[in-house]
Amino acid sequence: MKDYHRKRILITGGAGFLGSHLCERLLNEGNNVICLDNFFTGTRDNVLHLLDDHHFELIRHDVVQPLLVEVDEIYNLACPASPIHYQYNPIKTTKTSIMGAINMLGLARRTRAKIMQASTSEVYGDPQVHPQTESYWGNVNPIGPRSCYDEGKRCAETLFFDYYREHQIPIKVARIFNTYGPRMHPADGRVVSNFILQALQGEDITLYGDGSQTRSFCYVDEMVDGFIRLMNSGDDLTGPVNLGNPDEFTIRELAEKVVAMTGSKSKLVCKPLPHDDPKQRQPDITLAREKLDWQPAIKLEEGLQKTIEHFDALLKQ
Ligand code: NAD
Ligand code: UDP
């Protein structure tokens, strides 16, 4: 394909877990991909296999600073996503969400690029409506330890819609529910990576609380497919659109599955429940089904198998 036929796509946070899979998929589809990252939680290793492709560019840059590049599409993923990482420097997390959104929306305005925001199910907080629909306004603590992330992401959504109303920018807001798969950061404390690593190393499996809280887990390839379908949808679809797998599990069930699938001798032990930990979470994906013809098909066991193989290989390196 001639270069001038290729779209120029910017992915902020492109060296992270979701971003690296998105870079790979968009490159494979014949696009020019610019991956921007400050390497806070992402690594060059996540995109090492893409560096020889001359349609791929890697830029070390922080989204709190403006950036001038010519692009057709922007996927704004830059933001630490795991509680350990986003609480490490909470003020920086809020800055990343808000100033990152302002800078990327400014870039979209100048270049007339389409822009997708990686928002989150955390905008629903500890939800009192179940499953969560896009029309639910949420139950978020504005002053707790999770607020830097939750309120930063809520304000970013506000900015997206104000730029849309004020400047008619083509926006897309995806509300992403828990996603897992290869290249999750091994030390970010998220439940799937924690349990798999603990099971593979014969360590205790740390259930926070009694493990009765629920989450719904989506495999990374399907999430990336959802992003691309949303970006390619008509300009009338701004979102927010929930993206996630509606199959809901208790955290205890997840632990038991991981132990069984790894054949581990690890024991389940209960640890204190983190502050403001949501008790239940399940996306209503009616909108994504209707407007994007998207729904996950990969069952938890299948996705876990691939993720276990990834971490097993990592431990043997
Ligand atoms: P991740 O931590 O692996 O990736 C985030 C990336 O952003 C990293 O590469 C990090 O270095 C980069 N980054 C952070 N701050 C930056 C800054 N100021 N400037 C430039 N780069 C910066 O997390 P992920 O799971 O890949 O999440 C990607 C996006 O999706 C995040 O915005 C997150 O909020 C959102 N999200 C993820 C999930 C999930 O389950 N993985 C759920 C909801 C929302
Ligand atoms: N969790 C757990 N043990 C762990 C890590 C997480 O029981 O070692 C729980 C956590 O308290 C939460 C759920 O698993 O209820 C999902 O946690 P994660 O940090 O992966 O995502 P989030 O809370 O942001 O959905």
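What you see is a predicted model; the values in this text were computed from it and never measured. Order of appearance sets the numbers: ligands from 1, and atoms from 1 within every ligand. The analysis underlying the following values was restricted to heavy atoms, covering all of them including side chains, and did not include hydrogens, waters or symmetry mates. This chain uses plain numbering: 1 for the first residue, then up along the sequence.
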Checklist entry - Any idea how His85 and Phe40 line up, ring-wise: parallel (<30°), tilted (30 to 60°), or perpendicular (>60°)? => result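 Aromatic pair His85/Phe40 classed perpendicular.
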Checklist entry - Once the angle between the rings of Tyr75 and Phe227 is folded into 0 to 90°, is it parallel (under 30°), tilted (30 to 60°) or perpendicular (over 60°)? => result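 Answer is tilted, since the angle falls between 30° and 60°.
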Can you give me a line-by-line list of nitrogen or oxygen pairs between ligand 2 and the protein shorter than 3.5 Å?
| from | atom 1 | to | atom 2 | distance (Å) |
| --- | --- | --- | --- | --- |
| ligand 2 | 3 (N) | Thr206 | O | 2.6 |
| ligand 2 | 7 (O) | Tyr208 | N | 2.8 |
| ligand 2 | 8 (O) | Asn194 | ND2 | 2.8 |
| ligand 2 | 8 (O) | Thr206 | O | 3.3 |
| ligand 2 | 8 (O) | Thr206 | OG1 | 2.9 |
| ligand 2 | 8 (O) | Tyr208 | OH | 3.4 |
| ligand 2 | 11 (O) | Asp277 | OD2 | 2.8 |
| ligand 2 | 15 (O) | Gln213 | NE2 | 3.0 |
| ligand 2 | 15 (O) | Arg215 | NH2 | 3.3 |
| ligand 2 | 15 (O) | Asp277 | OD1 | 2.6 |
| ligand 2 | 15 (O) | Asp277 | OD2 | 3.4 |
| ligand 2 | 20 (O) | Val191 | N | 2.8 |
| ligand 2 | 21 (O) | Asn178 | ND2 | 3.4 |
| ligand 2 | 23 (O) | Arg146 | NH2 | 3.2 |
| ligand 2 | 23 (O) | Arg215 | NH2 | 3.2 |
| ligand 2 | 24 (O) | Glu122 | OE2 | 3.1 |
| ligand 2 | 24 (O) | Arg146 | NH2 | 3.2 |
| ligand 2 | 25 (O) | Asn178 | ND2 | 2.9 |
| ligand 2 | 25 (O) | Arg215 | NE | 2.8 |
| ligand 2 | 25 (O) | Arg281 | NH1 | 2.7 |

Checklist entry - Is there a salt bridge (Lys or Arg N to Asp or Glu O under 4.0 Å) between Lys316 and Asp312 once you walk through the steps? => result CA-CA 6 Å; Lys316 288 179 177 143; Asp312 195 34; 2.9 Å; yes
Present, as a list of atom pairs with distances to 0.1 Å, all nitrogen or oxygen contacts under 3.5 Å between ligand 1 and the protein.
| from | atom 1 | to | atom 2 | distance (Å) |
| --- | --- | --- | --- | --- |
| ligand 1 | 2 (O) | Thr41 | OG1 | 2.6 |
| ligand 1 | 3 (O) | Phe17 | N | 2.9 |
| ligand 1 | 7 (O) | Cys79 | N | 3.4 |
| ligand 1 | 9 (O) | Gly16 | N | 3.0 |
| ligand 1 | 9 (O) | Asp37 | OD1 | 3.1 |
| ligand 1 | 9 (O) | Asp37 | OD2 | 2.5 |
| ligand 1 | 9 (O) | Gly42 | N | 3.2 |
| ligand 1 | 11 (O) | Asp37 | OD1 | 2.6 |
| ligand 1 | 11 (O) | Asn38 | OD1 | 3.4 |
| ligand 1 | 11 (O) | Phe40 | N | 3.0 |
| ligand 1 | 11 (O) | Thr41 | N | 3.0 |
| ligand 1 | 11 (O) | Gly42 | N | 3.0 |
| ligand 1 | 13 (N) | Asn38 | OD1 | 3.3 |
| ligand 1 | 18 (N) | Asp62 | OD1 | 2.9 |
| ligand 1 | 18 (N) | Thr96 | OG1 | 3.1 |
| ligand 1 | 19 (N) | Val63 | N | 3.0 |
| ligand 1 | 21 (N) | Asn38 | N | 3.2 |
| ligand 1 | 21 (N) | Asn38 | OD1 | 3.3 |
| ligand 1 | 25 (O) | Arg190 | NH1 | 3.1 |
| ligand 1 | 25 (O) | Arg190 | NH2 | 3.1 |
| ligand 1 | 26 (O) | Phe17 | N | 3.3 |
| ligand 1 | 26 (O) | Leu18 | N | 2.8 |
| ligand 1 | 32 (O) | Leu77 | O | 2.8 |
| ligand 1 | 32 (O) | Lys153 | NZ | 2.8 |
| ligand 1 | 34 (O) | Tyr149 | OH | 2.5 |
| ligand 1 | 34 (O) | Lys153 | NZ | 3.0 |
| ligand 1 | 40 (O) | Thr179 | N | 2.9 |
| ligand 1 | 41 (N) | Arg190 | NH1 | 2.8 |

Item to check | Modelled atom types, side-chain donor and acceptor of Gln282 and Ser216, under 3.5 Å | outcome: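 No.
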Checklist entry - With the threshold set at 4.0 Å, does a side-chain nitrogen-carboxylate oxygen contact exist between Lys7 and Glu73? => result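 Answer for the salt bridge query: yes.
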Next on the checklist: Would the distance check show the side chain of Asp225 and the main-chain N or O of Asp221 forming a donor-acceptor pair, the cut-off being under 3.5 Å?
Outcome noted: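 Checking the backbone N and O of Asp221 against the side chain of Asp225, no donor-acceptor pair under 3.5 Å is found.
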Next on the checklist: With a 6.0 Å cut-off (strictly less than), is the heavy-atom count around CZ of Arg109, excluding the residue itself, greater than 12?
Outcome noted: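 No, the 6.0 Å shell around CZ holds no more than 12 heavy atoms from other groups.
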Do any side-chain atoms of residues 13-20 form donor-acceptor pairs under 3.5 angstrom with protein atoms, and if so which ones, sequence neighbours left out?
| from | atom 1 | to | atom 2 | distance (Å) |
| --- | --- | --- | --- | --- |
| Ser20 | OG | Gly16 | O | 2.8 |
| Ser20 | OG | Phe17 | O | 3.1 |
| Ser20 | OG | Arg183 | NH1 | 3.0 |

Which donor-acceptor pairs under 3.5 Å do the side chains of residues 269-278 make with protein atoms, sequence neighbours left out?
| from | atom 1 | to | atom 2 | distance (Å) |
| --- | --- | --- | --- | --- |
| Asp276 | OD2 | Asn141 | ND2 | 2.9 |
| Asp277 | OD1 | Arg215 | NH2 | 3.3 |

